[in-house]
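Computed from a predicted structure; not experimentally measured. Below, each value reflects all heavy atoms present in this structure, side chains not excepted, and no hydrogens, waters or symmetry copies.
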Amino acid sequence: MADYSNSIADALAEREAQKISVPDEVQEAVRTLLRWAGDDPEREGLVDTPKRVARAWKEYCEGYAENPAMHLARTFEEVGGYDELVLLKDIPFHSHCEHHMAPIIGKASIAYMPTDKVVGISKLARVLHGFARRLQVQERLTAEVAQCIWDNLKPHGVAVVIEASHSCMTARGVRTPGVGMTTSRLLGCFLDDPKSRKEVMSLMGY
């Protein structure tokens, strides 16, 4: 049933993507790139590629059209007095490197120590995706996610750790597959208090 539901969702997403109009200059830019790479944009397999590429990039970069902070606007105060660590681990994401526009594939762990309010856990993932769906560098992505949560939830502490593989390194340049990059940003008690820092990093698996 899950696979069937996913296939329906994919079909609907593809149908919506087809509604996106693609300016002629964007299509021509893709054709120019194809010619420069050594192929013929008029051959059968590539005739519709400029539209597909443009629509794909509109989807890859849909984070520019939203403010990730909006996902933190609705909070909950009736949580039975809970004021301990909240952690969402191993959130998968994809982004694109701003230097080569190559894929960045990774996972993130996001934690915060609430004061008097919490958010739905899915909102943490939405904040991540909002920033990831832009041209990025991993260091900035890590800092942006942490700062957004810090500024909007006003918690005692925030911790964000991201692990990712960068195609600009694995598929080109030094061409070294299997290499991962880890970045972290700690704020508040997770930065200032060694005990809190040790707890959150341990729960994240570091």
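- Residue Ile121 places its CD1 atom among 12 or fewer non-hydrogen atoms of other residues, nucleotides or ligands, all under 6.0 Å distant.
- Met204 and Ile162 end up in different hydrophobic clusters when Ile, Leu, Val, Met, Phe, Trp and Tyr side chains are linked at under 4.5 Å.
- Atom NE2 of His129 sits about 11.0 Å away from atom CG of Leu124, to the nearest 0.5 Å.
- In the hydrophobic clustering of ILVMFWY residues, with side-chain heavy atoms under 4.5 Å counting as a link, Tyr112 and Val127 come out together.
- No single ILVMFWY cluster, assembled from side-chain heavy atoms under 4.5 Å apart, contains both Leu85 and Ile110.
- Closest heavy-atom contact between Glu163 and Phe93: O-CE2, 4.3 Å.
- The shortest non-hydrogen separation linking Phe76 to Gly120 is CE1-N, 3.9 Å.
- Put simply, the side chain of Ser165 never gets that close to the backbone of Ile104: no donor and acceptor are under 3.5 Å apart.
- A 4.5 Å side-chain heavy-atom check between Lys51 and Val30 finds every atom pair outside the cut-off.
- For Arg74, the CZ atom sits in a loose shell: 12 or fewer heavy atoms of surrounding residues, nucleotides or ligands are nearer than 6.0 Å.
- The CH2 atom of Trp150 sits 9.5 Å away from atom NE2 of His156, with the distance rounded to the nearest 0.5 Å.
- For the pair Ser184/Val160, no side-chain contact is recorded, criterion being any heavy-atom separation below 4.5 Å from C-beta on.
- A distance of 10.5 Å separates CG in Asp39 from CG in Leu33, rounded to the nearest 0.5 Å.
- Taking the side chain as every heavy atom from C-beta outward, Gln147 and Leu187 approach each other to under 4.5 Å.
- Side chains of Gln136 and Ser95: no donor on one and acceptor on the other come within 3.5 Å.
- Distance alone, capped at 3.5 Å, is enough to place a donor-acceptor pair between the Ser167 side chain and the Pro103 backbone.
- The aromatic rings of Tyr60 and His94 sit perpendicular, their planes meeting at an angle over 60°, well past the 30° parallel limit.
- Placement of Met70 and Leu141 in two distinct hydrophobic clusters is found when ILVMFWY residues are connected by side-chain heavy-atom separations under 4.5 Å, directly or transitively.
- For Glu44, the CD atom is loosely surrounded, since the number of other residues' heavy atoms within 6.0 Å does not exceed 12.
- Residues Leu46 and Asp40 have side chains not in contact (no heavy-atom distance under 4.5 Å, counting atoms from C-beta outward).
- Other residues, nucleotides and ligands place more than 12 heavy atoms under 6.0 Å from the CZ atom of Arg197.
- Using a 4.5 Å heavy-atom cutoff, the side chains of Val118 and Glu77 are not in contact.
- Contact of the Thr183 side chain with the Val161 side chain is not registered, since no non-hydrogen atoms from C-beta on lie closer than 4.5 Å.
- Interatomic distance, CE of Met169 versus NE2 of His99, reported as 14.5 Å (0.5 Å rounding).
- Thr32 places a side-chain heavy atom less than 4.5 Å from the side chain of Glu28.
- In this structure, Cys189 and Ser196 approach most closely via the heavy-atom pair O-CB, 3.7 Å.
- Side chain of Asn152 to backbone of Cys148: a donor-acceptor contact under 3.5 angstrom is found.
- With His71 as the partner, the side chain to side chain donor-acceptor pair (under 3.5 Å) test is satisfied by one option alone out of Arg126, Lys123, Glu66: Glu66.
- In plain terms, the two heavy atoms of Ala111 and Leu87 that are nearest each other are CB-CD1, 3.8 Å.
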- [ ] Output, in order, the C-alpha distance, side-chain angles, deciding distance and verdict of side-chain contact (heavy atoms from CB on, under 4.5 Å) for Thr176 and Thr170.
- [x] CA-CA 5 Å; Thr176 307; Thr170 62; over 6 Å; no
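- Between the CH2 atom of Trp57 and the CE atom of Met101 there is a distance of 4.0 Å, given to the nearest 0.5 Å.
- Note: Thr142 OG1 to Leu186 CG = 10.5 Å, rounded to the nearest 0.5 Å.
- Met181 and Val137 fall into different hydrophobic clusters, where Ile, Leu, Val, Met, Phe, Trp and Tyr residues are linked whenever their side-chain heavy atoms come under 4.5 Å apart, directly or through other members.
- Residue Leu135 comes nearest to Arg140 through the heavy atom pair O-NH2, 3.2 Å, listed as atom of the first residue, atom of the second, then distance.
- Between the side chain of Gln27 and the main chain of Val22, a donor-acceptor pair closer than 3.5 Å is present.
- Formation of a donor-acceptor pair under 3.5 Å by the Lys117 side chain with backbone atoms of Pro114 is not found in this model.
- Checked by atom type and distance alone, the side chain of Arg134 pairs as donor or acceptor with a backbone atom of Gly63 at under 3.5 Å.
- Residues Glu139 and Glu144 fail the side-chain proximity criterion, which asks for heavy atoms closer than 4.5 Å.
- Across all non-hydrogen atoms, the minimal contact from Lys89 to Ser109 is CA-OG, 3.6 Å.
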